[in-house]
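In listed order, ligands and their atoms are each counted from 1.
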Amino acid sequence: MSETALPFNEKIIPPSWRDRTVDIEEFKRLREESLKNIEEFWAKIAEELPWFKKWDKVLDASNPPFYKWFVGAETNMSYLCLDWQLQQGRKNKVALIWEGEPVNEKGEPTEVRKLTYYDLWRETNRIAYMLKNKLGVRKGEIITFYCPMIPELAAFLLATARIGAAHSVVFSGFSSQALAERIKDAESRIVVTADGMYRRGKILRLKDVVDEAVKQCPTVEKVIVIRRVGLDDINVVKGRDLFFDELMEDVPKNVYVEPERMKSDDMLFILYTSGTTGKPKGIVHDIGGYAVGLYATMKWIFDVRDDDIFFNTADIGWITGHSYNLYGPLLTGLTFIWYEGAPDYPAPDRWWSIIERYGVTIFYTSPTAIRMFMRYGEDWIKKHDLSTLRIAHTVGEPINPEAWRWYFKNLCNEDCAASSTWWMTETGIIMISHTPGLKLIPLKPGTNAMPIPGVDADVVNEKGEPCPPGVKGYLVIRTPWPGMLLTIYKDPERYIKTYWSKFPILLYYSGDFAVKDQDGYIWVLGRADEVLKVAGHRIGTAEIESALVQHPAVAEAAVVGKPDPVKGEVPVAFVVLRQGYNPSPDLVKELKVWVRKSIGPVAEPAEIYFVTKLPKTRSGKIMRRLIKAVLLAQPLGDVSTLEDEASVEEVKRAYEEFKKLLEGQ
Ligand code: WT7
């Protein structure tokens, strides 16, 4: 997004929200008040949750950047999400509405399950019992999950938390190789999966992927298989593979497993995400701080009420799925929806039919999805009654003003609180957004609005000093916040280096570029590092490069992001071949499949170009910046460190040839 084209001055107040809307100065005062003493501020919110034992200290900042929240406090996430909800009278309230993909001839789902808070509590207790007593799962051990969005998974994750174990959920679209890497890093003894799942009318065989991955993982002792589709031809390794239904057969229907008393700063989960090296980072999250941060943001940003129906389209494989499609909704006692399948199958109105069917009031999705639906046209939306919606936020990447305007008109009927919520896997909770549940400041198409109360985010220059309005800089967070990552699993050095070392003063560095406008609204522009956001999914260029160079034909590879009208950006690869290999369309295809198999579909390069050399610095670093400039037909900028100028010409040549080819088609 170009910062000059942003609508800094456009202010929109949705009619139904007039009473909640405040002027910008008033909101700023409210925020500044919260920042005067963040410990006091967050402690007050923490008081709203029940604790087994209260904290001795709100924030331990004695060893920065290893911050600890609610030190000395004892709690349990499954207790907060379930037992506490039962205590508040939600026993018979539906917690999870689940819809499978298969439909009948009328296009209606043939499999719908509704689990009340009591159902979920029971199932969680039974699984907790099984994990503890049959598999000997211990406090602190990490269980890896490679599962579709099914109710069993929700109960499994809560059961894991109940007995004090931690989870690592790996997105079910990742390849066996990517899965293996994550299982190995987490040293999981147990992997939970399903036989398969439905997607776009096909069955994806998840257990086969796990079999392939586990071959490389000596720590794995047990693989638990949930029968989702009922495949009768899956491979079963005796002594290792256990079927979930069989494991549960003799578990009493009404067992109670006491929630483990966990320290607030114990690990709830790790979630792997991409960075600037080839190795994914295991982001570690705590329990107490995370619960408090989620509870507050659910209220402020989603303005949750007891009769809401909450529909977040994110998969559990991403942080949005963890925070706002499981723990957040449960902590606030909501009814929320999970669906199996894809947004545009059997038709591009799957989501709109879900919104209509259940009367969804709060909707959360990605800009990529919005842009995809723009292409399908408004008619698919018009077929459905979406008038129940009152909140519709997006997440994952910047939303271009045009896409925002389109959904504000067509989904929101110009009367929803509609914000682009900025946060990351690392932040755990939303950091920058409109806060309609608290006070609403006017909307602007494409903005992220202001940091929420208690969060000191800003846009700064290389020295860490605030940038004046209109000047692009780095997005940082000055002070710790509840929900923040504790560290990178088994790599505290990398934690310090990646997030806390960019500036001469101690600031959390997000890796994003941003700009503030004259009103103090923040507009996140995109990544400042070598990380791509492909359809909102985060993928490091180094990961794709390292997959490419493992192919026998590839000597060197450079991957850059290229703007894409739907996906935001897509990976494009420039490849130097080894001797004996020649460029060919077949090799392009082969390399694309190779990357897809080594990482997953999100990483597949949209285009691959063969070159004889890559632009590098004299010290041998690939200058991706120059490659990108060629792709975007932009000025090359500073080339003084370039080792061989002919290499840029080489990139240009390869790209020009391709464009000619396209024009000739
Ligand atoms: C990166 C984090 C946290 C949920 C999903 C993504 C980008 C996220 C926005 C937004 C502009 C955004 C940033 C950030 N991003 N939300 N509303 N506007 N950019 O989590 O995979 O950890 O990626 O996503 O670049 O650094 P993630």
(request) Could you tell me whether some N/O pair between G396 and ligand 1 is separated by less than 3.5 angstrom? (result) yes
(request) Within a distance under 4.0 Å of any heavy atom of R538, pick out the atoms of ligand 1 and give their elements. (result) 2 (C), 21 (O), 22 (O), 23 (O), 27 (P)
(request) May I ask you to decide whether E530 forms a salt bridge with K628, counting only side-chain N to carboxylate O separations under 4.0 Å? (result) no
(request) Looking only at distances, please establish whether an N/O atom of ligand 1 is found under 3.5 Å from an N/O atom of T273. (result) no
(request) Kindly identify the option in N448, L271, I319 whose heavy atom sits closest to atom 10 (C) of ligand 1. (result) N448
(request) Can you sort out which atoms of ligand 1 are near V524, meaning under 4.0 Å from one of its heavy atoms? (result) 11 (C), 19 (N)
(request) Output yes when D517 and K444 qualify as a salt bridge under the 4.0 Å nitrogen-oxygen rule, no when they do not. (result) yes
(message) Looking at D491 and K281, is any side-chain nitrogen of the basic one under 4.0 Å from a carboxylate oxygen of the acidic one?
(response) no
(request) Record the part of H537 in heavy-atom contact with ligand 1 below 4.0 Å; permitted values are side chain, backbone, both and neither. (result) neither
(message) Just to be sure I'm reading this right: ignoring hydrogens, which of T320, T427, I283 gets closest to atom 5 (C) of ligand 1? Compare them by their nearest heavy atoms.
(response) T320
(request) Can you label the angle between the F302 ring and the F310 ring as parallel, tilted or perpendicular, going by 30° and 60°? (result) perpendicular
(message) Is it the case that the side chain of W318 and the backbone of H537 share a donor-acceptor pair, with hydrogens and angles ignored and the cut-off at 3.5 Å?
(response) no
(message) Looking only at protein heavy atoms, which one is nearest to atom 25 (O) of ligand 1, and what is the separation?
(response) D512 OD1, 2.7 Å
(request) Please confirm whether T421 comes within less than 3.5 Å of ligand 1 when only nitrogen or oxygen atoms on both sides are compared. (result) yes
(request) Check for a donor-acceptor pair, side chain of W352 on one end and backbone N or O of L411 on the other, with a separation under 3.5 Å. (result) no
(message) Does the residue W422 have a heavy-atom contact with ligand 1, meaning some pair of atoms that are separated by less than 4.0 Å?
(response) yes
(message) Do the side chains of R390 and D308 get close enough for a salt bridge, i.e. N-O under 4.0 angstrom?
(response) yes
(message) Using 0.5 Å steps for rounding, measure from the CZ atom of F363 to the CD1 atom of I337.
(response) 10.0 Å
(message) I'd like to know if G511 contacts ligand 1, where contact means a heavy-atom distance under 4.0 Å to any ligand atom.
(response) no
(message) Which residue and atom name correspond to the protein heavy atom nearest atom 23 (O) of ligand 1, and how close is it?
(response) K533 NZ, 2.6 Å
(request) Using a strict cut-off of less than 4.0 Å between a Lys/Arg side-chain nitrogen and an Asp/Glu carboxylate oxygen, indicate whether E545 and R624 qualify as a salt bridge. (result) yes
(message) Is the contact between E397 and ligand 1 made by the side chain, the backbone, both, or neither, using heavy atoms and a 4.0 Å cut-off?
(response) backbone
